[in-house]
Amino acid sequence: MRVEGRDTKIASDLLAHYDVHARRLPWRAPPGANAADPYRVWLSEVMLQQTTVAAVGPYFAKFTQRWPSVADLAASEDADLMAAWAGLGYYARARNLLACARAVVRDHGGHFPDTEDGLRALPGVGAYTAAAVAAIAFGRRAVVVDANVERVVARLFAIATPLPAARPQIREAADRITPDARAGDFAQAMMDLGATICTPRNPACGICPLRDDCAAVLTADPAAYPVKAAKKAKPHRLGHGWWIERDGHVWLVRRPDKGLLGGMRALPSSDWTAAPDATPPIDADWMMIDIPVAHVFTHFSLALTIHHTHVGSDATPPGEGEWWPVERIGDAGLPTLFARAADAVRKDKDARD
DNA sequence: TATCCGTGGGT
DNA sequence: TACCCAAGGAT
């Protein structure tokens with residue numbers, strides 16, 4: 001009987017644990033079933049980029065019901081897809097999702113490429129997603145490295161180099177422990193481990209299937225891995241938003257495709273800076289809501305002061321946009337910041353009645 | 001390589 | 001409260 005090397009033992013220990021404790025997730029094929037549908041794997045992987053399983057759940061259900069295949073998705077209208085994505089964040093993903101679906105239909109006969117390189121060439125598919133889809137949907141051996149894998153590997157080998165400089169070293173170690181068979185299960189098992197046991201804080205080392213394989217568990221503080229560089233402080237910004245109502249409709253604009261909340265419907269607003277210009281877009285009798293809408297983006301926080309007004313049926317709106325029925329504002333696909341602004345206006349009007 | 005890009009939950 | 005973090009990609 002061959003004595004297992006340490007790297008081989010990690011994979012076999014982890015897969016044995018996974019066979020018993022794998023999370024049941026909507027995009028995973030049930031145990032014993034055929035390989036997962038590449039469309040569903042790809043869709044879930046894009047939704048899960050920097051996004052929690054809990055947040056993705058309802059969106060994945062909605063998308064797969066409305067667009068059961070990549071061809072269905074490719075045939076959708078841009079505005080419908082963006083509205084369906086509203087609230088999930090990182091809206092470039094939604095634009096790339098549609099571009100990718102259309103490329104798969106146009107260039108690949110409606111079938112996803114079954115290699116890492118082929119997948120990597122698609123819009124919105126980077127190194128991680130290409131490896132994940134190749135391994136999970138097509139059974140390829142691919143080295144799948146996400147934030148979970150980075151954390152687990154950094155602990156297994158007690159890698160002291162700070163991120164991001166440690167990435168090449170972590171990837172090399174991940175490559176060594178990735179098995180030739182069941183690479184997709186191995187990747188998902190690593191992510192399950194990172195999400196449920198080898199967590200960023202307070203890892204449950206006592207019940208970890210890799211406890212005997214782990215270098216960090218022998219140190220005073222396993223959670224100290226991976227070491228990370230200090231991050232910059234988040235600036236605070238201010239802004240003004242304008243709710244213009246006419247005959248039961250509110251004036252909505254569409255934000256530019258590039259940049260923050262790109263391509264999404266929105267209220268007209270000022271620039272967002274330390275001292276924004278508060279000039280309203282039209283002359284009217286404005287009411288200001290005392291408490292601004294607070295929202296935190298990735299690299300700054302925002303306090304948006306909301307102003308609202310009613311104008312007459314003959315009033316001219318400012319610039320490009322559309323009148324949207326106020327009672328259907330929930331269907332406009334507003335990103336969270338502006339959905340909260342709409343809530344604030346509704347509550348303010350209720351309070352004035 | 002560094003920066004930009006959302007949001008919600010956990011601590 | 002304030003901070004951390006998440007199945008990253010594009011530029």
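Each chain gets a letter, A, B and so on, in the order its sequence line appears, and its residues count up from 1. Computed from a predicted model, the values in this text were never measured in an experiment. Note that these values count all heavy atoms, side chains included, but never hydrogens, waters or copies made by symmetry.
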Pick the nucleotide of DNA chain B nearest each of A/Pro164 and A/Thr52; which residue has the one closer to the 5' end? A/Pro164
Between A/Trp27 and A/Gly124, which residue's closest nucleotide on DNA chain C lies nearer the 5′ terminus? A/Trp27
Closest non-hydrogen atoms of A/Leu193 and A/Pro209, given as atom of the first, atom of the second and distance, are CD1-CD, 3.7 Å
Can you list the steps and then say if A/Thr178 with A/Asp175 is a side chain to side chain donor-acceptor pair (under 3.5 Å)? CA-CA 5 Å; A/Thr178 299; A/Asp175 196 345; 5.5 Å; no
How are the rings of A/Trp85 and A/Phe63 set relative to one another: parallel (under 30°), tilted (30 to 60°) or perpendicular (over 60°)? perpendicular
Salt-bridge criterion met for A/Asp343 and A/Arg346 (N-O under 4.0 Å): yes
Let's see if you can work this out: which of C/dA10, C/dA7, B/dT7 has an atom nearest to the side-chain heavy atoms of A/Leu48? C/dA7
Are A/Phe297 and A/His299 close enough that their ring centers fall under 6.0 Å? no
Please report the distance separating the C1' of C/dG8 from the corresponding atom of B/dT1, rounded so that it comes out in whole Å. 16 Å
Under 4.0 Å between a side-chain N/O of A/His299 and OP1 or OP2 of B/dC4, yes or no? no
Regarding A/Arg340, tell me which of base, sugar-phosphate or nothing describes its non-hydrogen contacts under 4.0 Å with the strands shown. sugar-phosphate
A/Tyr128 and A/Glu45 side chains, donor-acceptor separation under 3.5 Å: yes
Looking at B/dT7, I'd like to know if its phosphate oxygens (OP1 or OP2) sit under 4.0 Å from a side-chain N or O belonging to A/Tyr91. yes
Should the pair A/Asp78-A/Arg254 be classified as a salt bridge under the 4.0 Å nitrogen-to-oxygen rule? no
5'-most contact on DNA chain B (nearest-nucleotide basis), A/Asn202 vs A/Ala165, goes to A/Ala165
Counting any heavy atom closer than 4.0 Å, what does A/Ala132 reach on the DNA or RNA strands: base, sugar-phosphate only, or nothing? nothing
Can you measure A/Lys234 atom NZ to C/dC5 atom C1' for me and round it to whole angstrom units? 10 Å
Phosphate OP1/OP2 of C/dG8 contacted by A/Gln50 side-chain N/O (<4.0 Å): yes
Below 4.0 Å: OP1/OP2 of C/dA7 and any side-chain N or O of A/Arg93: no
Considering heavy-atom distances to DNA chain C, does A/Pro123 or A/Arg23 have its closest nucleotide positioned more toward the 5' end? A/Arg23
Whole Å only: how far is the CD atom of A/Glu45 from the P atom of C/dA7? 11 Å
Nearest whole angstrom, please: distance from the P of C/dA7 to the CG of A/Leu119. 21 Å
Quick one: A/Lys231 NZ to C/dC5 P, roughly how many Å, whole number? 5 Å
Between C/dA7 and B/dT11 - C1' atom distance, rounded Å: 22 Å
In whole angstrom, what separates A/Lys232's NZ from C/dC3's P? 15 Å
Looking only at N and O atoms, is any donor in the side chain of A/Thr298 or the base of B/dG6 less than 3.5 Å from an acceptor on the other one? yes
Is the ring centre of A/Trp242 less than 6.0 Å from the ring centre of A/Trp286? yes
Any donor-acceptor N/O pair under 3.5 Å between B/dG6 base and A/Tyr90 side chain: yes
Contact under 4.0 Å: A/His295 side-chain N or O vs B/dT7 OP1/OP2: yes
Please state how far atom CZ in A/Arg95 lies from atom C1' in C/dA10, giving the value in whole angstrom units. 10 Å
Choose from B/dT11, C/dA7, C/dG9 the nucleotide whose nearest atom is closest to any side-chain atom of A/Thr129. C/dG9
Residues 136-189 of chain A vs ring-ring contact (aromatic ring centres under 6.0 Å, His included), sequence neighbours excluded, gives none
Interface with DNA chain B, restricted to residues 79-88 of chain A and to heavy atoms under 4.0 Å: A/Gly87, A/Leu88
Under 4.0 Å between a Lys/Arg side-chain N and an Asp/Glu carboxylate O for A/Arg140 and A/Asp114? yes
Roughly, in whole Å, what's the span from CG in A/Leu260 to C1' in B/dT7? 12 Å
So A/Ser44, base contact, sugar-phosphate only, or nothing? Heavy-atom distance under 4.0 Å. nothing
A/Val296 near the nucleic acid: base, sugar-phosphate alone, or nothing, with a heavy-atom cut-off under 4.0 Å? base
Under 4.0 angstrom between A/Thr336 side-chain N/O and B/dG6 OP1 or OP2: no
Integer-rounded Å distance: B/dC5 P and A/Leu337 CG: 14 Å
With respect to the side chain of A/Arg201, which nucleotide from B/dT11, C/dA7, C/dA6 is positioned closest? B/dT11
Using a 4.0 Å heavy-atom cut-off, does A/Ala187 contact any base of the nucleic acid, only the sugar-phosphate backbone, or nothing at all? nothing
Measuring only the P atom in each nucleotide, how far is B/dG6 from C/dT11? A whole number of Å is fine. 14 Å
When all nucleic acid strands are considered with a 4.0 Å heavy-atom cut-off, which category describes A/Leu25: base, sugar-phosphate, or nothing? base
